[in-house]
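First the structure, in the form of structure tokens, and then the observations on it.
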Amino acid sequence: MVARSYGERVTIRARRGVVLATGSFTYDEKMLGAHAPLLVGRPGSAVEEHDGLAVKLAQGLGAGVAHMDASEVAVHMDPQYLIRGIVVNGRGQRFVNEDTYPGRIGQAALLKQDNETFLVLDEEGFEEARRMSAAPEFLQLRPSWVCGTATELAAEMGLPAGALEATLDVYNRHAEDGRDPVLHKAGRWVRPLRGPLGAVDLRGQTSGFALGGLTTDTDARVLHVDGEPIPGLFAAGRATAGIAAWGYASGASLGDGSFFGRRAGVGAAAKP
Ligand SMILES: Cc1cc2nc3c(=O)[nH]c(=O)nc-3n(C[C@H](O)[C@H](O)[C@H](O)COP(=O)(O)OP(=O)(O)OC[C@H]3O[C@@H](n4cnc5c(N)ncnc54)[C@H](O)[C@@H]3O)c2cc1C
């Protein structure tokens, strides 16, 4: 390999093995467009060196890939606000419990709801979230619309007439008893939403990264499309399909990189 190290050109011959660990393909628009098109044009939650190089290099040697369409999508929103409101889609319907992992809310919003997503809160919820939030004042949430009633709010947001009111009717009916039998938000966050309502536009608040990549075994060996390890070739982290595809939670990426990175290193250093 010919490389550059601190400005110096260096040449390296790998006698035992090579470990590919250059990250995902989140910043390769062509690969993203082919496999995870909903992420195209969104700010990638990754560094720009994630250009799919490892996947392309290994594919040149016949490596297989898996879960290329899997992606993690963060919703950039303080959970203190999310848990106190209801998240609705462009039809005014709830689709996810608001107290879940925000990465799951982001996935559900971008991948399943055409990214049409809004957070609806009442004044009490806004004020309580503001008190509990650790964010500085300038980062505190501002509603995009504020109205006296759900009907006025829905009209301003462009939601179908009656849809948001119906959602709030059902939510509030059970919230009187501190329950959410529809989506099972924990009772401690469930309270009827009353009085003036505000809505936050979440459509510009989602971004993500690709989770698919090279197929590897538990020793971090890269597998050929025929299923056999490619001799001397190892990979770890987001360059691989790893354990996170379609089941992502914070920590899974660092876990993939550190756990399988170590195994890849041990394998590559072993005598052939
Ligand atoms: C804001 C943010 C928050 C995150 N929070 C979490 C979290 O809480 N938990 C979690 O698990 N994950 C989190 N992640 C994701 C996680 O950081 C990454 O998925 C993980 O670091 C990927 O590890 P990696 O080793 O595959 O790639 P990286 O850690 O990105 O390492 C790849 C390295 O390869 C280098 N490289 C690429 N191409 C070349 C080349 N051609 N030549 C030389 N060097 C090259 C890059 O510069 C980089 O240093 C977060 C990511 C972001 C952006």
Side-chain angles (χ1 to χ4, degrees), residues 1-14 17-32 35-36 39-61 63 65-79 82 100-107 110 134-135 139 204-223 233-268:
M1 185 177 78
V2 180
R4 194 166 290 280
S5 173
Y6 298 103
E8 297 288 314
R9 186 173 180 270
V10 291
T11 51
I12 301 161
R13 178 181 296 277
V18 169
V19 180
L20 300 173
T22 56
S24 70
F25 59 89
T26 302
Y27 274 96
D28 183 305
E29 290 253 319
K30 231 172 160 180
M31 289 177 79
L32 211 56
H35 302 290
L39 290 184
V40 173
R42 315 216 135 255
S45 298
V47 290
E48 288 175 12
E49 287 83 358
H50 282 216
D51 58 4
L53 181 66
V55 172
K56 286 181 272 191
L57 278 173
Q59 278 186 312
L61 297 171
V65 291
H67 301 301
M68 293 294 276
D69 59 338
S71 43
E72 165 55 8
V73 184
V75 57
H76 297 279
M77 167 66 49
D78 189 334
L82 284 170
T100 189
Y101 174 56
R104 201 173 147 257
I105 297 179
Q107 275 187 332
L110 180 64
L139 279 180
Q205 307 286 345
T206 45
S207 73
F209 53 92
L211 292 174
L214 297 169
T215 47
T216 46
D217 65 8
T218 50
D219 291 322
R221 296 180 296 182
V222 176
L223 301 178
L233 190 61
F234 300 82
R238 284 282 61 81
T240 70
I243 58 169
W246 293 127
Y248 190 82
S250 287
S253 261
L254 299 178
D256 258 355
S258 55
F259 182 83
F260 291 105
R262 183 177 181 281
R263 292 181 80 81
V266 168

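Just follow the structure's listing: the first ligand is 1, and inside any ligand the first atom is 1.
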Within the distance-only criterion (no hydrogens, no angle test), does the side chain of T26 pair as donor or acceptor with the backbone N or O of A210 below 3.5 angstrom?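 Yes, the answer is positive, given that a donor and an acceptor are paired below the 3.5 Å cut-off.
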
Is any side-chain heavy atom of [X] closer than 4.5 Å to a side-chain heavy atom of [Y]?
X    : Y    : answer
M77  : I105 : no
F209 : R238 : yes
L82  : T100 : no

Among K56, M31, K30, side chain to side chain contact (heavy atoms under 4.5 Å, CB included) partner for F25: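 Answer to the side chain to side chain contact (heavy atoms under 4.5 Å, CB included) test with F25 among K56, M31, K30: M31.
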
Pairs under 3.5 angstrom only: tabulate donor-acceptor contacts from the side chains of residues 242-251 to other protein residues two or more places apart or in another chain.
| residue | atom | partner | partner atom | Å |
| --- | --- | --- | --- | --- |
| Y248 | OH | S253 | OG | 3.4 |
| S250 | OG | Y101 | OH | 2.8 |

Identify, chain by chain and in numerical order, each protein residue with a heavy atom under 4.0 Å from an atom of ligand 1.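 Lining ligand 1: A21, T22, G23, S45, A46, V47, E49, H50, L53, G237, R238, Y248, S250, G251, A252, S253, L254.
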
